[in-house]
Every structure is written in C-alpha cells, then in structure tokens.
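Just below is one structure, and these are the notes that go with it.
The structure displayed is predicted, hence computed values, not measured ones. Letters A, B, ... mirror the listed sequences (proteins, then strands); counts begin at 1.
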Amino acid sequence: VSAPRGPLLFKDIDTPGLRAIETYRSLGGYESAKAWTGGKRAPEELIDVVKASGLRGRGGAGFPAGLKWSFVPKDSPKPRYVVCNADESEPGTCKDRELMEKNPHLLLEGILLAAYAIKANTAYIYLRGEFETLQRIVDRAIAEARGAGLLGTSVAGSGWALEIHTHLGAGAYICGEETALLSSLEGYRGQPRLKPPFPAVEGLYACPTVVNNVETLMNVPHIATHGAQWFRQWGTEKSPGTKIFSVSGPVKRPGNYEVPLGMPLATLLEEHCGGMRDGMKIKAVIPGGSSVPLLPASMLATGLDFESMAAAGTLLGSGGVIVIDEQTCIVDALYNITRFYEHESCGKCTPCREGTYWMSEVFERLETGHGRERDIDLLWDVADNIMGKSFCALGDAAAMPVMGAIKHFRDEFEYHVTHKRCRVNRRRAELDAAQAVPA
Amino acid sequence: MSHAPVLPAEPAERLAWPAELEAEVTRALERYPNQRSAVLPVLWIAQRHWGWISPGALRLVAESVGLPEPEVFGIATFYTMFNLKPVGRHHLQLCMTLSCSLMGADRLFRHLERKLGIGHGETTADGRFTLRRVECLAGCGAAPCMQVNFDYHENLDEARLDALLEKLK
C-alpha cells in the first residue's frame, strides 16, 4: 500500500473499489450522515460547525460555505434546494473529475449533510456535458445509497426525505457560474442572472438554494465527523483546510495534489511535482485556473491560500495551476486564453461579448506581426472596460489575465510590436518541425 | 459563436420515441418540478439514439417537454455538444486550451488533420471520424487530452493517437 496522497479528500482516494458503497462504508462512510440525521443534533448546529471550520468554497470564489448556508431564509415556505456544481470547466482544473470518479459516495454524503443543514428535500448534481461517464458512476452510487436507505423517503430512518438527481450539461463554460448553472438547470440557455437576489434567497425555481462545488461538499462529512477545530489543523487562519491543486504544463509529475492551504507555490511544484521537465525553466505560473492573473517566476514563494494570492495580485481561484516554461511566449499563451473566453462568452453583456472578441483581434495582430505601438495600451484599455461591467465573473475572468500579463511581461508584448514576431515560441517551433515531416 | 445555425423554414418530419426510450423520457420529466427543466436530458436522449439532433428530433423534443420548437432550437444551439449535423461514428474532440496546448495539442491537431484529410468540424467520407477542436475538457493533469465520443484519452502523442485511430473502426 502506497502512502496516502493527501490528508483528507485524497486520504483513501486510491483504495480499490472505493466507488462501491460497501467499501466506502467500511472506511466509516455515511456514519456522519447517520449521526447527524439521527435526531440528536439540529440542522442549525451543523451550519454552525461548518461556519466555525472556516471552510471556503473550492470552486473559485472562496466564499465561506457555512455563511452561504446561513443565508437561506429560516421562515421561507418554499422548497429548498442543494445544487452541486460539478461543471468543472475552469481551464487548468481537473480535480472534481477525479474526486467523483473515484469516490462518488463522499460527494453524496456531503450533499446529504448540506441538504440536512438547510432542510432541503431535493438536490441536483450539475455535471458538465463531457462527464457522461461520470454521470453513470454517480447515478450508480445514488442507486446504492437509496438501496441502503440513505436516500429516499426516510434518510437512515429519520423521517426526513431526500432525493439526489444528476443533471448533464451540454458544453458551456458559463454554466460553471452559479446563476448561469441554475438557468441551465431550469431548461434555459445558460445565461447568468443579476445578483442580488443571491441563490440562497432566490435560486433554483426562485426558491432558496445552496450552490456548492464538489470539493467543498466533499469536505463537509470530514468536518461534520471531526469538528471545526480538527479541520483547522491544516491551512491558515483565514484559509483553513486542504485544497486540491491540479497542476498542468511541463512539470515532471503533473496531476492532482491535495496539500494544506498556505503551502508555498514553489513547494508544490518542486517537492510534489518534481520540478520542471529536464532542460526547462519556469517563466510564469497561473495559480488558480485560466481566469486569474499569472505570477512571474520571481513570485513562486507566494503561499497557496486566498489571502497570500490576493496580496500577490492574483487569486487562488479553483486551484488550476498552469505552469508556463521560459520557451513559451506569454503573448501566445494569453492569445490562447483570450480566444477561450471569446468562444465561451454567453453574449448577454456587451462589454464581455464585444470586449473578448476585440481583445482576440488585437492578439491576432500581435501574433501575426501586424501589431501596432498603441495595441498594448488598447488591450489594457479594452480589458479595463470589461472589468466589473458584466453580470457575471466571465468578463473579469477574461480581462484580469490580460492585464496581469501586460503588467509583468510588457517587454514581450513590446517585442511583438518592434520585431513582428515572438521572442521565443516553443509551441510554434514544435508545430513547424512537425509540419516539415511528410505525413 | 462561430456559426449561425438557422431553423429550417419547412416543417420537420414527424418522429416518435422508440418504445424503449419512452420510459426514459418520462423518468427525465419526473426528476423536475416542471417540464422545461427536462429539455437538456431529453435532447441527450434524442442525440444518443439518433446520433444528432435532426429537425425531426428537435420537434419531438419540443413536443415532449412542452416548449415551442424555436425555443428548443435556441437552447440546442447555445450548447456546443448538441450535433445539429450528423457526425462520424467516432467524434474526435481534441482539447486545444492552454494546458493541452503547452503539451503539444496544436501539433497533434495538425497530425490528425493531415492523417484524416479533414479539418475542424468535418467528417471523413466513410463516416468514420469527425474532427473537432474543443475547449478545456478537465483533463489538464494528463494533457494533451481528447474525447472520442464520451471516452477520455490522455497523455497523448502522435504514436498513441495513431494506435488509437487503428482501433476505432
């Protein structure tokens, strides 16, 4: 048996057969759900425990989960819903996929506890369309849990009813945004809604709804079992617990790693990922999915927690760590990211719809040697005019990385204007070399 | 959106759910407090069965969930995964977003184009392959990554792609 891959969510993750309910239960699974719903501890108490744990949303925004739950009105006569955001669409992020594929029951138990806390009787798991295979895995787990009396008309004999359903999206990054996700789940085009009202007050079908990310919910059974103080043995005061980071790019061992929040980025990359592939050096790292500004190699000592990342001018985001090597052109990399947002903008808000398109055009000019002196300031100006001017965070997500790249690597942008080409471009060179070989 | 699909003006042919799918459609409708919410699940049922969302399938879905046909068309075109044209038996969807691009996805896409003689969105004459570049598939830790229909293939290079194509008859 190899060493555990992490202290919490990854502790048992590679246990053979973990997907089956018997294996999950043999490791103590569903004990927490049974203990809480058994009648001795009130739902409000669970909200307090999660609040005290300081658990923050693992999907990107980092909002305190317990606080979110506490916003659900106590006296609302409407049904309440728990919606699990399993859309995992932030480029660079692939943790929820592994978590659900290997340990679906931990997610179900987390949803069960969240639903108990806010007194919901229905929960939906919104999976991105590409996760059809995962939907089958989760559906099988739901059927097992129902068979064991842990879901259905009387959860663990408590008299409280809970049904969990999966819902498959169909290809749209925007549906990872919680209000767009709710629109999509209601059968509309996945476009975001203005907040407030926040989903906790008016969410799914205009009813009180808690929307939480997969990883966030999977932390809940651990917290519900062991308590808030126990959870706080990892991480920092304001960012307690662990986080799963998905590391991609030319490191020796890319993949998912569960580490305590606050760990220096360099430690994750050097000790866990084995450093860069031979002969390569780090130029920059995007620490929290493609939506956040990059950090230059000089800032790798920054801690992987919400506060340290904010102080460094970026965001912890979803934990999608994308490593960019010295031979990669920053302008080219940002062009790739900007085209992504241009493609994924839902078209609702003018600054985002037109701005992402406009930025893409400027990047194309720079990349094809037609860049003009004023294009760098133009990029900044367009990005600045997207920031904060759209309904949802997609616009900001497109603008922030561009502004961060100009701030840290303006010289590379200027090189494109003066030399009409990239200073270095490993990707392009590899493409040209492959092109030279007959098919 | 790179393409602007248009709802055909003439009425679509009338399709019916095969008996074995009727129960599945009913179950999808039962999962939600209103019929509209079942539009994506029911579109999926149609696409799994017919391989694409033909005008007739779109009409059937609209009737099944009680929405006007143009509204369902607006929904089906919003999401990238509904095929409004027939696709090949093996739908090759190579991720081209940054994590995969850093690991050689652009090179692999070029390889597929040359090898299959088709470009983005095109289907081979024998109906075996459709090639498409797609955005991040959540396979970043094992990039480059490609979905063939719903199956993930990761850590790809030219040799692995060639071996995979051989197996996909």
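- For A:F245, no part lies under 4.5 angstrom from a heavy atom of chain B.
- Salt-bridge check for A:E132 with B:R48: passed, with a basic side-chain N closer than 4.0 Å to an acidic carboxylate O.
- Between B:F150 and A:G129, the shortest heavy-atom distance links the atoms CE2-O, 3.4 Å.
- In terms of heavy-atom pairs under 4.5 angstrom with chain A, the leader among B:A143, B:C145, B:P33, B:P41 is B:P33.
- Interface remark: A:R426 contributes side-chain atoms only to the contact with chain B (heavy atom separation under 4.5 Å).
- For B:E113, no part sits under 4.5 Å from any heavy atom of chain A, backbone or side chain.
- For A:T122, no part lies near chain B; criterion is any non-hydrogen pair under 4.5 Å.
- Among B:G74, B:A28, B:A105, the residue with the largest count of heavy-atom pairs under 4.5 Å with chain A is B:G74.
- Per-residue counts of heavy-atom pairs under 4.5 Å with chain B were compared for A:A433, A:S184, A:S89; the largest is that of A:S184.
- With chain B as partner, the option from A:G190, A:P79, A:C346, A:G320 having the largest number of non-hydrogen pairs under 4.5 angstrom is A:G190.
- Highest contact tally toward chain A, considering only B:S99, B:A142, B:A38, is held by B:S99 [criterion: heavy-atom pairs under 4.5 Å].
- Contact residues of residues 164-176 of chain A toward chain B are A:H165, A:T166, A:H167, A:L168, A:G169, A:A170, A:G171, A:A172, A:I174, A:C175 (heavy-atom distance under 4.5 Å).
- In plain terms, the two heavy atoms of B:G139 and A:C94 that are nearest each other are N-CB, 4.1 Å.
- Residues passing the ring pair (Phe, Tyr, Trp, His ring centres under 6.0 Å) test with B:F82 are B:W44, sequence neighbours excluded.
- Interface remark: of the candidates B:Q147, B:R110, B:M81, B:M81 forms the most heavy-atom pairs closer than 4.5 Å to chain A.
- Annotation: maximal heavy-atom pairing with chain B below 4.5 Å, among A:V251, A:I322, A:D325, occurs at A:I322.
- Within the 4.5 angstrom heavy-atom criterion, atoms from both the backbone and the side chain of B:R31 approach chain A.
- Contact of A:E344 with chain B is made through the side chain alone, with heavy-atom distances under 4.5 Å.
- Remark: aromatic rings of B:F78 and A:Y188 are distant, center separation not under 6.0 Å.
- For the residue pair B:C136 and A:G92, the shortest heavy atom distance occurs at SG-N, 3.8 Å.
- In terms of non-hydrogen atom pairs under 4.5 Å with chain A, the most contact-rich of B:D106, B:I75, B:L40 is B:D106.
- Taking 4.0 Å as the cut-off between side-chain N and carboxylate O, A:R128 and B:E135 do not count as a salt-bridged pair.
- Seen from the ring of B:Y152, A:R97 counts as a face-on cation partner, given the 6.0 Å and 45° thresholds.
- In plain terms, the two heavy atoms of A:G187 and B:R36 that are nearest each other are O-NH1, 3.0 Å.
- Contacts of A:F340 with chain B are made by both backbone and side-chain atoms, with heavy-atom separations under 4.5 Å.
- Note: B:T97 OG1 to A:R339 CZ = 9.5 Å, rounded to the nearest 0.5 Å.
- The minimum heavy-atom distance linking B:C140 with A:S248 is given by the pair O-CB, 3.2 Å.
- Only the side chain of A:T328 has a heavy atom closer than 4.5 Å to any heavy atom of chain B.
- Of the atoms belonging to A:L185, heavy atoms from both backbone and side chain fall under 4.5 Å from chain B.
- With chain A as partner, the option from B:V39, B:L137, B:L108 having the largest number of non-hydrogen pairs under 4.5 angstrom is B:L137.
- Surrounding NZ of B:K169 are more than 12 heavy atoms belonging to other residues, nucleotides or ligands, all under 6.0 Å away.
- With values rounded to the nearest 0.5 angstrom, B:L98 atom CG is found 5.0 Å from A:N336 atom CG.
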